[in-house]
Amino acid sequence: RIFYDQSGGGVTISGGEPMGQPEFLEAFLILCKEHGLSTVLDTSGFCEYDSIAGVADLVDCFYYDLKLANPERHSEVTGVSNQPILRNLKKLDRAGAGIVPRFALIPGFTDSDENIMAIAGIISGLDNTSRVGIIPYNRMCRDKSARFGLEDRMKDMPENNEGSLARARRLFEDHGLIAESED
């Protein structure tokens with residue numbers, strides 16, 4: 001509590017996917033609110049809307065991660081449909097939730113102009129936000145793979161460079177969005 005009082009900060013719940021345990025999440029968020037802590041939920045939005053709506057009043061801001069606009073490509077890369085993700089995003093926006101969309105810029109997966117412009121179109125169609133956070137790919141996950149004895153399937157993946165970040169920023173700004181890089 002002293003840390004939060006001194007920093008003016010709050011609690012960010014991320015994961016994995018916090019919406020994978022909605023009952024625990026709701027109980028935890030209730031405790032945060034009872035103690036006067038601000039809350040941010042970092043989510044992909046892949047869940048039933050009732051689950052996310054059930055905690056929306058307890059969340060001050062949603063960090064809402066978006067990767068791929070094309071439904072087939074999204075299913076191919078992530079293993080799940082993006083339809084519930086996009087549907088939940090629109091419903092949360094209509095409900096007036098505080099949302100900061102965030103875009104994962106991953107070389108060879110999400111960084112095409114076509115995908116960035118499609119994601120920008122989705123975000124610029126929201127009523128309650130004009131911002132997007134660009135999350136550049138980094139190789140910090142390599143240590144995690146090694147620690148758990150997992151194959152590093154992205155060992156040859158390059159990190160983003162300033163040119164790719166600037167290009168993504170420009171494409172988002174061309175859609176009237178304020179684009180911020182989250183390094």
Side-chain angles (χ1 to χ4, degrees), residues 1-69 74 78-106 110 119-120 122-145 147-148 150 165 168-169 172 177-183:
R1 178 68 201 205
I2 293 169
F3 174 77
Y4 295 121
D5 289 342
Q6 293 293 318
S7 69
V11 176
T12 300
I13 301 132
S14 61
E17 175 52 61
M19 292 308 307
Q21 299 178 352
E23 297 85 11
F24 173 81
L25 177 62
E26 181 178 12
F28 182 72
L29 287 166
I30 288 170
L31 288 172
C32 289
K33 289 302 170 190
E34 286 175 356
H35 287 88
L37 300 174
S38 64
T39 56
V40 174
L41 179 60
D42 186 351
T43 183
S44 71
F46 185 76
C47 62
E48 295 295 323
Y49 183 71
D50 289 347
S51 295
I52 206 165
V55 298
D57 289 340
L58 301 168
V59 174
D60 295 311
C61 179
F62 287 89
Y63 284 170
Y64 206 98
D65 297 339
L66 299 170
K67 295 173 187 71
L68 293 158
H74 193 280
T78 68
V80 299
S81 171
N82 67 353
Q83 296 308 301
I85 294 166
L86 299 177
R87 188 172 42 249
N88 289 342
L89 175 63
K90 290 174 186 170
K91 287 181 178 182
L92 278 175
D93 180 59
R94 282 195 300 269
I99 302 170
V100 176
R102 300 182 336 146
F103 173 69
L105 185 64
I106 305 169
T110 67
I119 294 288
I122 291 165
I123 296 169
S124 64
L126 300 174
D127 293 327
N128 296 303
T129 190
S130 60
R131 303 179 105 57
V132 60
I134 302 171
I135 306 169
Y137 172 75
N138 66 57
R139 299 172 122 189
M140 292 183 351
C141 61
R142 296 180 83 189
D143 290 341
K144 193 182 291 185
S145 295
R147 262 185 282 146
F148 291 106
L150 300 173
L165 287 170
R169 193 176 301 115
F172 282 115
L177 298 168
I178 299 165
E180 302 162 336
S181 181
E182 299 183 15
D183 298 332

Side chain proximity check, [X] to [Y], heavy atoms < 4.5 angstrom:
X	Y	answer
Met19	Val55	yes
Ile99	Asn128	no
Val40	Val100	no
Thr43	Asn88	no

Those residues that, when tested against [X], pass side chain to side chain contact (heavy atoms under 4.5 Å, CB included) (two or more places apart):
X	value
Ser14	Asp42
Ser124	His175, Leu177
Lys91	Tyr49, Arg87, Arg94

(message) Under the side chain to side chain donor-acceptor pair (under 3.5 Å) definition, can you give me all pairs with a residue in residues 54-66, not counting sequence neighbours?
(response)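 Every side chain to side chain donor-acceptor pair (under 3.5 Å) pair that includes a residue of residues 54-66, provided the two are not neighbours, is Lys33-Asp60, Asp65-Arg102.
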
(message) Test: salt bridge (charged side-chain N to carboxylate O under 4.0 Å, His left out). Region: residues 11-22. Which pairs qualify, not counting sequence neighbours?
(response)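 Not a single pair qualifies under salt bridge (charged side-chain N to carboxylate O under 4.0 Å, His left out).
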
(message) Other residues, nucleotides and ligands only: do more than 12 of their heavy atoms fall within 6.0 Å of CD on Glu48?
(response)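 Counting neighbours around CD of Glu48, 12 or fewer heavy atoms of other residues, nucleotides or ligands fall under 6.0 Å, so no.
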
(request) Quick one: list whatever passes ring pair (Phe, Tyr, Trp, His ring centres under 6.0 Å) with Phe103, sequence neighbours left out. (result)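 Ring pair (Phe, Tyr, Trp, His ring centres under 6.0 Å) list for Phe103, sorted by chain: Phe172.
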
(message) Given 3.5 Å as the limit, does a donor-acceptor pair link the side chain of His74 with the main chain of Ala69, or not?
(response)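 Side chain of His74 to backbone of Ala69, a donor-acceptor pair under 3.5 Å: no, none is there.
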
